[in-house]
*Asks:* 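Starting off with a structure, shown below.
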Amino acid sequence: VLQGCSGRQPSGEKRPVIGVSLLNLSNELIATLDQSMEEKAKQMGVELIVNDAQRSAEKQVQQVESFVAQKVDAIILNPCEVEASSPAVEKALAAGIPIVNVNSETRAAPTAFVGSRDEEAGRIAMEYLAQRLNGKGNVAMMQGFLGQAAQIERDQGARDVLAKNPGMKLIAVQTAEWDRAKAMTLMENWNQSYGSRIDAVFAQNDEMAMGALIALEQAKRKDKVILAGVDAIPDALQAVHDGRLDATVFQDARGQGSAAVATALKILHKEPYEKQLFIPFQLVTKDNVAQFLK
Amino acid sequence: MEKPKIKSWPASLGLPVALAVLVAALSLARPNFLNLANLVNLVRQISINGILAVGVTYVLLTGGVDLSLGSVVALSGVAAACFAHPGQYPAIVPVAIGILAGAACGAANGLVVARGKVAPFIVTLGMMTAARGLALLVSGGRPVSNLAPGFTHIGSGNIAGVPEPILIFFFVALLSRVLLTNMRFGRYVYAVGGNENAALASGVPVRSVKMAAYTLCGALAGLAGVVLASRITTGQPNAGIGYELDAIAAVVIGGTSLNGGVGGVDGTILGALLMGVINNGLDLLNVSSYYQQVVKGLIIVGAVWLDRSKDR
Amino acid sequence: MEKPKIKSWPASLGLPVALAVLVAALSLARPNFLNLANLVNLVRQISINGILAVGVTYVLLTGGVDLSLGSVVALSGVAAACFAHPGQYPAIVPVAIGILAGAACGAANGLVVARGKVAPFIVTLGMMTAARGLALLVSGGRPVSNLAPGFTHIGSGNIAGVPEPILIFFFVALLSRVLLTNMRFGRYVYAVGGNENAALASGVPVRSVKMAAYTLCGALAGLAGVVLASRITTGQPNAGIGYELDAIAAVVIGGTSLNGGVGGVDGTILGALLMGVINNGLDLLNVSSYYQQVVKGLIIVGAVWLDRSKDR
Amino acid sequence: MSTVLQLDRISKSFGGILAVDDVSLTVQAGEIHAVTGENGAGKSTLMKIVAGMYRPDAGAVRFTGRRLAMIHQELLTFPDLTVAENICMGHEPSRWGWLDRPAMRREAAGLLARLGVSLNPSARMRHLSFAERQSVEIAKALGGHADLLIMDEPTSALSDREAELLFRIIGDLKQSGVAVIYISHRMAEIFRLADTITVLRDGRHIATRPAAELDEERLIALMVGRSLEPLGGLQKGVPGETVLEVSLPGIQFSLRAGEILGLAGLLGAGRSEAAAAVFGLVPTAGAHIRLAGRAVRIGSPAGALAHGIAMVTEDRKEYGFVPRMSVRENMTLSSLGRFAWGPVIRTRREAAAVEEQIRRFRVRAAGAGQAVRDLSGGNQQKIVIARALLTRPRVLILDEPTRGIDVGAKAEIYALIAGLAREGMAILLISSEMNEILSLSDRILVMREGAVSAELSPGRTTPEEILRYAMPN
Ligand SMILES: Nc1ncnc2c1ncn2[C@@H]1O[C@H](COP(=O)(O)OP(=O)(O)OP(=O)(O)O)[C@@H](O)[C@H]1O
Ligand SMILES: Nc1ncnc2c1ncn2[C@@H]1O[C@H](COP(=O)(O)OP(=O)(O)OP(=O)(O)O)[C@@H](O)[C@H]1O
Ligand SMILES: [Mg+2]
Ligand SMILES: [Mg+2]
């Protein structure tokens with residue numbers, strides 16, 4: 001369990017130590033991110049200290065402070081929040097430790113950034129719905145945990161598209177807190193109050209999309225509603241493949257993870273690196289789902 | 001004056017009245033609230049919280065508390081799901097495993113509470129963290145999906161037109177009601193919660209009663225985990241967060257005292273119903289999420305306040 | 001024979017010993033654990049939980065509970081941040097507003113508990129939901145950022161080399177210790193929690209004492225919210241989730257009974273320290289996140305068990 | 001003489017039960033006013049109305065003094081605070097809210113010394129025996145400088161020596177103009193202290209007379225509304241073979257079937273502790289117990305009950321009953337096995353047995369469904385005794401069994417105890433009432449400072465001799 005011992009072993013060449021603070025390891029996407037980083041680190045001979053902030057920006061700041069106190073060589077930060085995680089970045093930079101943000105951004109500029117913009121995910125999903133509805137119809141949106149960066153940005157991206165499509169009406173917006181069971185309950189209640197008036201549903205992540213999907217199927221209304229999620233978790237990909245879910249948006253967590261470790265090492269070895277490496281989101285539908293299913 | 005200042009709130013008429021008022025208001029605002037479909041919907045939605053709440057009623061009656069419910073739901077859901085892939089075992093196997101996993105967690109809680117005399121708050125808080133960790137370990141942090149239809153049927157199927165989760169909830173509630181009001185064990189539960197020293201001096205096997213209460217509560221949390229996993233067709237390691245507070249709230253709204261010894265399953269059912277009506281109603285009214293939270297908080301406190309002021 | 005079966009656990013030697021053992025083990029495993037830098041780090045990390053825990057000590061001593069802490073932290077952080085933009089007001093204004101917002105929530109809790117005689121669990125659960133909704137409403141669901149350096153200095157600055165959050169925590173703890181042990185108000189808090197009827201019969205102003213305890217607790221939650229907002233340089237409407245359980249855990253680990261009347265601030269500080277050492281140590285040891293949760297749960301229960309078995 | 005308290009047509013009912021019915025009463029400064037009546041007559045309720053803890057349904061309370069203090073029948077203490085903190089609660093010596101601890105300890109020590117009780121003011125209340133806590137409550141009431149002192153059975157657990165000191169203090173208070181309302185079921189005390197006696201029956205005011213106009217017989221007749229058979233000579237059992245042998249550090253005794261062994265001693269002598277050890281309520285090192293010649297290990301009350309040992313504890317509020325449970329549920333709690341078919345309770349059988357006990361003990365309750373916490377103190381005591389008897393024990397330990405029980409019921413309980421002995425039950429009787437010990441016991445053990453100091457025979461001893469062996473030397 002306790003991986004290795006200290007990074008500063010007397011014998012041999014000293015291995016670089018990278019401190020990693022992750023948003024939340026009980027999130028499937030983050031778990032994938034973690035896995036790819038650990039694989040990459042092993043391959044490159046780097047020691048990783050992985051801390052889980054469990055969605056708390058304060059904890060994340062604490063963890064970076066601990067990394068600074070431990071004098072790690074570099075830090076990879078998977079920020080909880082745009083603003084609230086910024087002090088973590090500033091503290092690392094002030095201590096002269098390079099910091100790479102992965103997956104999402106902070107207000108304070110890190111040494112390098114690897115990831116994507118959640119707004120894009122919201123935009124892609126909503127554009128897909130707009131296209132399927134020919135720009136006309138009633139849409140319901142399931143929000144993530146209110147106030148979290150991913151929720152705010154995916155919300156924004158989706159609303160930008162809606163603003164451009166006056167024929168599309170947002171008739172219901174509620175949070176299901178990223179949770180499948182809550183999404184199912186919410187969809188059941190929407191089925192009751194809106195009945196056949198909902199033409200499309202955008203769930204801000206796939207967990208909620210799966211919940212909504214089950215509720216719609218049980219109400220035998222799935223054929224009348226277009227449903228899209230974000231993240232491309234295996235369940236959702238399978239559902240897209242089976243023709244149950246209409247679309248999801250793929251976020252390349254594996255690519256982000258290994259790129260983050262690689263970038264951090266480049267910085268340490270004073271090699272040239274990209275200050276901002278955007279790994280784009282991709283729309284997944286039945287047409288292209290095969291390439292995402294492993 | 002022997003009456004303590006914190007009221008005993010026997011299941012009075014206040015809560016049914018508050019519930020009736022709420023239902024009346026909602027059905028005026030939204031005629032489809034009183035649809036049979038929506039009512040079935042509503043009861044199905046509360047069935048998981050209901051099962052948990054009935055379970056934790058035992059623990060609260062003994063004067064304890066169980067904060068580990070939500071995590072136990074996740075752990076047993078994941079454990080069940082691991083054995084519920086198509087073509088593996090008949091559905092009874094994962095169901096039994098889920099319930100057993102929950103019962104094991106509950107028994108561990110009960111052991112430390114009854115033998116170790118550690119405050120139930122701490123014990124079950126520890127279990128809350130530990131069981132969540134175990135759920136993540138067992139599942140590798142990923143949802144366990146691809147479950148056999150025989151298993152997922154539990155959460156989505158009907159028997160004689162009634163959704164199975166509702167039947168399970170009713171069955172659990174009925175059984176618990178009998179256990180608590182007509183059985184020796186029930187008496188002992190009330191005695192332990194009402195005055196532990198007197199129960200001991202009366203020859204009540206206090207430790208075993210506590211063990212049994214926590215184990216039952218855990219087993220029902222396991223059952224709830226199974227129903228949930230089957231309903232959402234996955235074992236989610238991060239399912240059930242905050243469920244313990246919802247369940248305890250339902251019990252306390254229903255008039256069971258956190259100090260133990262007073263209350264029962266009838267109130268718990270009413271409490272769970274009230275919470276379900278609030279959630280369902282606010283969704284139906286499409287109250288904006290932010291206001292929804294404010295309103296929900298106020299209604300819960302208001303309903304209980306009304307209820308309590310009746311018997312003052 | 002008058003000795004009841006549930007222990008009163010006075011602040012015994014068990015907890016300091018458990019803490020010492022843990023620290024020794026950690027410093028052997030990781031020499032840099034005992035760095036001055038890491039120790040300062042550790043204490044700064046616990047200061048927010050520490051402030052909350054000291055606050056909720058008052059409430060627990062009266063026999064109540066406060067589940068709204070986390071939401072109040074968010075609400076007061078957001079409220080403070082709204083008045084802390086650069087060039088607006090001197091830093092004292094947002095600080096005062098944050099504390100007042102917290103105190104107002106606490107007073108509302110206290111009012112309903114003391115006057116309405118509703119179970120504190122329900123009242124503060126309602127406030128937990130309502131205050132979270134208010135925080136989202138006030139902030140429009142977005143973090144309130146762009147705060148003046150004068151304000152963010154509180155969370156990140158030092159005075160005489162000591163981080164300000166630590167100083168605030170020590171100040172709060174010291175003041176509360178004096179209030180609870182040397183002042184008449186403190187006696188009354190213990191009296192109300194120890195035997196409410198007896199307190200009433202002895203002429204203790206029970207209602208006012210409860211009001212004061214909840215209001216103080218709320219005000220300290222407001223202060224914690226201010227420190228947090230300043231530390232993370234934003235008012236986060238979804239900050240503080242679960243903080244109430246951590247704070248209550250620290251208090252109960254420290255030997256304060258959930259039934260009221262027993263315990264105090266000394267234990268609370270030890271409890272907060274223990275939790276801080278566990279968190280910091282497990283992170284330093286790089287224990288994988290899933291195991292970390294399991295281990296953390298076990299250590300907390302184990303430490304309390306040890307502590308309690310000392311005085312059996 | 002000036003009037004301190006005037007009660008004008010007070011009534012109070014609890015959900016249908018009229019506890020106090022149209023009672024008027026006047027108390028003068030410097031008067032000791034005894035209020036008497038059977039269990040459940042409404043004495044405590046009336047006093048709680050005076051103290052402002054209950055609001056009367058009708059009538060008015062006019063209290064013209066400055067401060068009023070009350071010693072409650074069911075003690076109202078703070079178990080986790082110290083003796084000094086308990087005594088000073090509500091009137092702590094302090095300056096601007098800052099406590100003066102040394103002054104608190106001094107005040108407490110002074111008051112306790114006056115009562116002749118040696119207790120450490122810094123001891124936690126939780127660790128004291130019931131009688132010791134009762135003395136602390138008395139000290140607290142005395143410390144408040146009240147001009148009206150209400151004492152609801154203050155001596156129920158005190159032995160004669162402590163009671164005597166209390167009476168002297170009450171005398172002093174009377175001299176300084178304090179009015180005292182005194183409630184007791186001990187006749188001797190009432191006639192020794194009272195200037196005026198008020199009798200309540202079924203919540204109604206029956207009479208108020210100068211004490212000089214009444215004697216014991218007439219008072220009892222007023223209380224019960226009929227004349228009682230004189231207690232007379234109780235017919236006792238014939239001791240059979242030895243049932244119980246107990247060996248504890250400093251204490252050794254045996255008990256035969258049909259025998260009543262009395263355990264006498266002063267406050268804190270360790271009688272209750274010894275009984276609790278036999279019953280398995282406190283794990284005690286060095287306890288050896290033989291039942292009918294066989295060594296047994298008793299680890300818990302459940303174990304003791306399984307061996308046929310039942311006990312009525314001294315502290316009934318803490319160990320005696322579950323307050324919110326009904327009369328029925330409390331009575332059968334120790335013997336549910338007899339009223340159950342497997343795990344299922346046979347409600348009818350249970351109800352029948354309970355009804356029988358209610359009749360036998362003349363429990364004054366709204367019904368078997370009433371919560372025991374709503375009963376009067378004496379009636380609660382009856383429930384506790386009934387609960388022990390329903391287990392049909394071979395050995396019965398009674399620790400202050402008639403605490404708070406009225407004269408009529410007391411006589412009945414004495415007859416009952418004697419009857420149980422005749423049927424062959426072995427009984428260990430702990431009592432602070434000299435009379436009770438002397439008239440019921442076949443043998444008397446006297447305890448002093450945790451050890452047995454003498455074994456006496458009731459026929460050949462005197463209260464003075466018992467006291468001599470009980471006094472610490
Ligand atoms: N809180 C209550 N709820 C219901 N009934 C009550 C309550 N308090 C007292 N009673 C009833 O009122 C009657 C009078 O009780 P009270 O305690 O005043 O009697 P008492 O004269 O003090 O008797 P004792 O000598 O046994 O102490 C009893 O029948 C009792 O059952
Ligand atoms: N749980 C306890 N912890 C510490 N001391 C105790 C405890 N219980 C009793 N004692 C002490 O033991 C001594 C014996 O008490 P016990 O109650 O047995 O006396 P007793 O002879 O029954 O007299 P009485 O009941 O009249 O006070 C007392 O001094 C008491 O303070
Ligand atoms: Mg009385
Ligand atoms: Mg005694």
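Everything numeric here is computed off the predicted structure, so don't read it as measured data. Each chain gets a letter, A, B and so on, in the order its sequence line appears, and its residues count up from 1.
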*Asks:* Tell me the residues of residues 237-250 of chain C whose non-hydrogen atoms fall below 4.5 Å from those of chain B, in number order.
*Replies:*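 Against chain B, the residues of residues 237-250 of chain C that fall inside the cut-off (heavy atoms, under 4.5 Å) are C:L245, C:I248, C:A249.
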*Asks:* Let me know if C:L134 has heavy atoms under 4.5 Å from chain B in its side chain, its backbone, both or neither.
*Replies:*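 Contact with chain B involves both backbone and side-chain atoms of C:L134.
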*Asks:* Search all heavy atoms of C:V252 against all heavy atoms of B:A119 and return the closest pair with its distance.
*Replies:*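 Minimum heavy-atom separation between C:V252 and B:A119: CG1-CB, 4.1 Å.
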*Asks:* Atom CD1 of B:I253 and atom CD1 of C:I122: how far apart are they, to the nearest 0.5 Å?
*Replies:*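 Atom-to-atom, B:I253:CD1 and C:I122:CD1 are 4.5 Å apart.
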*Asks:* Can you tell if the side chain of B:T129 reaches within under 4.5 Å of the side chain of C:I300, non-hydrogen atoms only?
*Replies:*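 No. Closest side-chain heavy atoms not under 4.5 Å.
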*Asks:* Just to verify, which of C:V112, C:V123, C:V118, C:L125 counts as forming a side-chain contact (heavy atoms from CB on, under 4.5 Å) with B:V304?
*Replies:*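 Running side-chain contact (heavy atoms from CB on, under 4.5 Å) over C:V112, C:V123, C:V118, C:L125 with B:V304 returns exactly one hit, C:V118.
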*Asks:* Let me know if C:L258 has heavy atoms under 4.5 Å from chain B in its side chain, its backbone, both or neither.
*Replies:*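 Side chain only.
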